[in-house]
Enquirer: 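First the structure, which I've put down as structure tokens, then a few questions once you've had a look.
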Amino acid sequence: MPLDASRNSLVLPILGLLVEQSAHGYDITTRLRERYGHLSVTRSTVTSLLKALEKAGLVSSGRPERVGNRPPRTAYELTAVGLADFRHKVEAGVRDTPAASVDFVMAVAYVGILPIDQAACILDGRADRLDQELAALSGLPDGDVLEVHMLEVAYWRTIVATEATWIRTLVRRICAREIRWPTQQTHQYGSAEA
């Protein structure tokens with residue numbers, strides 16, 4: 001775990017799950033494993049991160065409660081500061097992360113926390129940046145080098161071009177209101193704008 005717990009790759013999805021509903025550590029661990037199989041998730045890491053997030057004022061905990069024969073569990077919920085931090089992390093993740101990164105995938109998973117026009121604008125800016133990266137990749141000399149020694153460049157061009165195309169399609173669908181968006185009156189994802 002990084003020394004600064006807020007830099008842990010699980011922080012964004014933990015906060016995102018708490019946007020959806022308050023939960024205890026075991027529930028969060030289970031939901032992370034179900035939803036994000038590509039992430040390495042342990043209950044001890046989630047518990048440590050929840051404590052660090054609480055210390056930072058991003059989440060608050062209730063009194064431990066016992067349900068049935070289970071040990072007492074502490075439920076956590078997002079604070080107003082936590083919600084603001086979450087929005088900032090999503091915005092930065094969508095805007096600034098490298099192409100084809102897990103950080104982008106985690107940020108775009110929660111882009112619905114942003115106002116719809118802001119999300120479209122940030123995504124459009126990302127597509128423009130990817131187009132610039134693609135143009136720079138296209139300028140690389142490869143005529144004097146055997147193709148087999150430049151396969152990674154061809155691969156990366158394809159990855160960047162595909163992501164830019166996917167984002168442009170997503171922006172078009174967002175602007176056309178083809179994708180239902182959560183209301184901004186509540187931070188719960190369960191409510192959607194018509």
Side-chain angles (χ1 to χ4, degrees), residues 6-23 27-28 30-39 41 58-59 77-140 152-194:
S6 69
R7 293 178 171 248
N8 189 294
S9 62
L10 293 176
V11 167
L12 189 67
I14 287 172
L15 293 175
L17 292 176
L18 290 174
V19 166
E20 295 172 10
Q21 66 186 41
S22 61
D27 181 44
I28 291 170
T30 301
R31 289 168 50 208
L32 285 170
R33 286 178 181 159
E34 289 171 354
R35 194 176 294 184
Y36 304 113
H38 62 281
L39 296 177
V41 180
L58 303 179
V59 302
E77 64 182 10
L78 212 55
T79 64
V81 172
L83 180 60
D85 185 69
F86 177 67
R87 283 187 174 125
H88 173 74
K89 286 179 185 327
V90 169
E91 180 180 339
V94 170
R95 183 187 57 237
D96 301 329
T97 55
S101 67
V102 170
D103 292 332
F104 172 69
V105 172
M106 290 291 93
V108 81
Y110 294 103
V111 74
I113 196 71
L114 302 175
I116 193 167
D117 293 335
Q118 180 186 12
C121 182
I122 293 168
L123 284 161
D124 198 43
R126 180 181 180 87
D128 288 345
R129 182 176 57 83
L130 291 172
D131 287 345
Q132 292 170 359
E133 185 176 339
L134 191 57
L137 287 170
S138 297
L140 290 176
E152 76 283 0
V153 174
Y155 168 79
W156 195 244
R157 283 178 186 147
T158 302
I159 295 298
V160 172
T162 300
E163 185 173 316
T165 300
W166 182 83
I167 290 172
R168 294 239 185 260
T169 301
L170 178 61
V171 169
R172 181 195 53 75
R173 293 186 64 217
I174 290 170
C175 291
R177 304 301 199 253
E178 293 177 14
I179 297 175
R180 292 180 61 198
W181 216 256
T183 61
Q184 296 304 308
Q185 289 79 19
T186 176
H187 64 269
Q188 300 296 317
Y189 278 128
S191 304
E193 292 178 355

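These figures come from a predicted structure and were not determined experimentally.
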Enquirer: Which pair of heavy atoms, one from Phe86 and one from Leu15, lies closest together, and at what distance?
Expert: CD1-CB, 3.5 Å
Enquirer: Looking at Val59 and Thr79, what are the two nearest heavy atoms and their distance?
Expert: C-CG2, 3.6 Å
Enquirer: My understanding is that only residues two or more places apart in sequence, or in another chain, count here; which of them pass side chain to side chain donor-acceptor pair (under 3.5 Å) with Arg95?
Expert: Glu91
Enquirer: Does the side chain of Ser9 come within less than 4.5 Å of Val102's, by heavy atoms?
Expert: no
Enquirer: If we ignore hydrogens and angles and just use 3.5 Å, is the side chain of Arg87 paired with the main-chain N or O of Leu114 as donor and acceptor?
Expert: no
Enquirer: Suppose we screen for salt bridge (Lys or Arg N to Asp or Glu O under 4.0 Å). Which residues come up paired with Asp103, at least two apart in sequence or across chains?
Expert: none
Enquirer: Identify, with sequence neighbours excluded, every residue that meets salt bridge (Lys or Arg N to Asp or Glu O under 4.0 Å) alongside Glu163.
Expert: Arg126
Enquirer: List the residues meeting side chain to side chain donor-acceptor pair (under 3.5 Å) with Trp166, not counting sequence neighbours, and say none if there are none.
Expert: none
Enquirer: Distance from Ile174 atom CD1 to Asp124 atom CG, nearest 0.5 Å?
Expert: 10.0 Å
Enquirer: Using a 3.5 Å distance criterion without hydrogens, assess whether the side chain of Ser101 forms a donor-acceptor pair with backbone atoms of Thr97.
Expert: no
Enquirer: Arg172: which residues meet the salt bridge (Lys or Arg N to Asp or Glu O under 4.0 Å) condition with it, sequence neighbours left out?
Expert: Glu178
Enquirer: Side chain to side chain contact (heavy atoms under 4.5 Å, CB included) between Val90 and Met106: does it pass, once the steps are laid out?
Expert: CA-CA 8 Å; Val90 169; Met106 290 291 93; over 6 Å; no
Enquirer: Applying salt bridge (Lys or Arg N to Asp or Glu O under 4.0 Å), name anything that partners Asp128, two or more places apart in sequence or on another chain.
Expert: Arg168
Enquirer: Please report the interatomic distance OG(Ser138) to CZ(Arg157), rounded to the nearest 0.5 Å.
Expert: 5.0 Å
Enquirer: From Tyr36 OH over to Leu17 CG, what is the distance, rounded to the nearest 0.5 angstrom?
Expert: 6.0 Å
Enquirer: Test your reading of the model: is there a side-chain donor-acceptor pair from Thr158 to the backbone of Ala154, 3.5 Å cut-off?
Expert: yes
Enquirer: Between atom NZ of Lys89 and atom CG of Leu58, what is the distance when rounded to the nearest 0.5 Å?
Expert: 7.0 Å
Enquirer: Please give me the minimum heavy-atom distance between Cys175 and Ala120, naming the atom from each residue.
Expert: SG-CB, 3.9 Å
Enquirer: Between CD of Glu20 and CD1 of Ile28, what distance do you get to the nearest 0.5 Å?
Expert: 10.5 Å
Enquirer: Shortest non-hydrogen contact from Leu130 to Val160?
Expert: O-CG1, 3.4 Å
Enquirer: Once rounded to the nearest 0.5 Å, what's the spacing between atom OG1 of Thr165 and atom CG of Asp131?
Expert: 8.0 Å
Enquirer: At their closest point, which heavy atom of Ala23 faces which heavy atom of Arg31, and how far apart are they?
Expert: CB-NH1, 3.7 Å
Enquirer: Looking only at non-hydrogen atoms, find the nearest pair between Arg177 and Asp117 and report the distance.
Expert: NH2-OD1, 3.7 Å
Enquirer: Measure from the side-chain N and O atoms of Trp156 to the backbone N and O of Leu137, and report whether any donor-acceptor pair falls under 3.5 Å.
Expert: no
